[in-house]
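All heavy atoms count here, side chains included; hydrogens, waters and symmetry mates do not. Residue numbers start at 1 and run along the sequence shown. Read the numbers this way: they start at 1 and go in the same order the structure lists the ligands and their atoms.
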Amino acid sequence: MTIVIKGAGIAGLVTAHELMRRGFAVEVHERADVVGGGASHFAGGMLAPYCEREAATETVLQLGLQGLDWWRRTLPGEIINKGTLILAQPRDMAELSRFAARTRDHQWVDADAIAALEPDLGGRFHKGLFFAGEAHLDPRRAMKRLYENLREGGVLFRFSYNEKTQAHTHDCTIDCTGPAAIETLPGLRGVRGEMLYLHASDIALSRPIRLLHPRHPLYIVPRRHGLFMLGATMIEAADNGPIAVRSLMELLIMACAVHPSFGEARVVETGVGVRPAFADNMPRVIETPDGLAVAGMHRHGFLLAPALAQQVAERLQQQRINGERKSA
Ligand SMILES: Cc1cc2nc3c(=O)[nH]c(=O)nc-3n(C[C@H](O)[C@H](O)[C@H](O)COP(=O)(O)OP(=O)(O)OC[C@H]3O[C@@H](n4cnc5c(N)ncnc54)[C@H](O)[C@@H]3O)c2cc1C
């Protein structure tokens, strides 16, 4: 039984990895000429199930814990287990209390504890929340590693793939085409997320920092070599056109509120990704005429892709067992 995964974003790569691990013959068809060039390219890479509970359901938290565990087992060298630090300006303390009330597995931290966690933020914030059990990764590095593992495991990749001109026979297709599936899956919509990369050699952060604000919340995710990913807006539109001036200004103003040295940083990249989402913002495995679809990853693609991939693998394993029983 050959399984074709359509789309090599995070949903497709993780699903391919899980199926390969369970002994399925897998082939990946990608419309672009690289892996991970879609929405996944712009992600922060936060694996933050407890923080996400602030705006998501308990199911997201539980599936997220499953995802975090998968990442730690699958790519241990890529996972940075330093937790998440949530901060707010003194005038926005109500935001911090609200965040604490909606989440769990955190501890309140004072100015000394904040300085111990992040020395460069010493003296800048008096109160925060620390989620020690969370982690983050660099999405572009992680997708490259998954791709390499898949190639080494014998998974065939067909790039620049056009299904209209390059039809192949196979047993089952798993649609992991992210926002492209908006055209075919009823109820799927796009949520625009704008982000940017700054280079700031004189600031060091160890973990994702979220600055709460009633109108312009911000997160900063540290990368290697003085790079920081800043995000992200949530705009109801399937529009991946360039970042808006207002969004860019707001993200930069908030970054300077975290640390004024970001004012001297260089903007090295701006980007926009469209998050595919259903009305309840919950991802799903859906039956399609050709097989299955992993759809609606919304703002949790990295966090939740492993749990969805496990659901796909379990369904296919069951089908395989049923097929073997019939032919016996
Ligand atoms: C700014 C921003 C920050 C984010 N931060 C986080 C975060 O910190 N943590 C987290 O968990 N999530 C985060 N997300 C969400 C995450 O990025 C998405 O949920 C995820 O990328 C969706 O992945 P996907 O594989 O479904 O789609 P995509 O990454 O878009 O992949 C779909 C792939 O399918 C290909 N394709 C399309 N049509 C076809 C076709 N017909 N045939 C073959 N291939 C096709 C595309 O070229 C693409 O490569 C963020 C998103 C944004 C925009």
> Which atoms form the tightest heavy-atom contact between Leu304 and Pro283, and what is the distance?
Replying inline: CD1-CG, 3.6 Å
> Do you know which two heavy atoms are closest between Cys176 and Thr15, and how far apart they sit?
Replying inline: SG-OG1, 4.3 Å
>> Hydrophobic clustering (ILVMFWY, side-chain heavy atoms < 4.5 Å, transitive) - are Leu146 and Val294 grouped together?
In response: yes
> Testing Glu54, Glu52, Glu95 for salt bridge (Lys or Arg N to Asp or Glu O under 4.0 Å) with Arg210, which one passes?
Replying inline: Glu52
> Honestly, is Arg266 close enough over Tyr197, meaning NZ or CZ under 6.0 Å from the six-membered ring centre and within 45° of the axis?
Replying inline: no
> Who pairs with Phe125 by ring pair (Phe, Tyr, Trp, His ring centres under 6.0 Å), at least two apart in sequence or on another chain?
Replying inline: none
Note every protein N or O atom lying under 3.5 Å from an N or O atom of ligand 1, pairing the names and giving the distance.
residue  : atom   : partner : partner atom : Å
ligand 1 : 5 (N)  : Gly44   : N            : 2.9
ligand 1 : 8 (O)  : Gly45   : N            : 3.0
ligand 1 : 8 (O)  : Met46   : N            : 2.9
ligand 1 : 9 (N)  : Met46   : O            : 3.1
ligand 1 : 11 (O) : Gly301  : N            : 3.4
ligand 1 : 11 (O) : Phe302  : N            : 2.9
ligand 1 : 11 (O) : Leu303  : N            : 2.9
ligand 1 : 12 (N) : Arg299  : O            : 3.1
ligand 1 : 12 (N) : Gly301  : N            : 3.3
ligand 1 : 19 (O) : His298  : O            : 2.6
ligand 1 : 19 (O) : Gly301  : N            : 3.0
ligand 1 : 21 (O) : Ser40   : N            : 3.0
ligand 1 : 21 (O) : Ser40   : OG           : 2.8
ligand 1 : 23 (O) : Ser40   : OG           : 3.3
ligand 1 : 25 (O) : Ile10   : N            : 3.2
ligand 1 : 25 (O) : Ala11   : N            : 3.0
ligand 1 : 29 (O) : Ala39   : N            : 3.3
ligand 1 : 29 (O) : Ser40   : N            : 2.9
ligand 1 : 29 (O) : Ser40   : OG           : 2.5
ligand 1 : 30 (O) : Ala39   : N            : 2.9
ligand 1 : 41 (N) : Glu163  : OE2          : 3.3
ligand 1 : 44 (N) : Arg31   : N            : 3.1
ligand 1 : 47 (O) : Glu30   : OE2          : 2.6
ligand 1 : 49 (O) : Glu30   : OE1          : 2.7
ligand 1 : 49 (O) : Glu30   : OE2          : 3.2

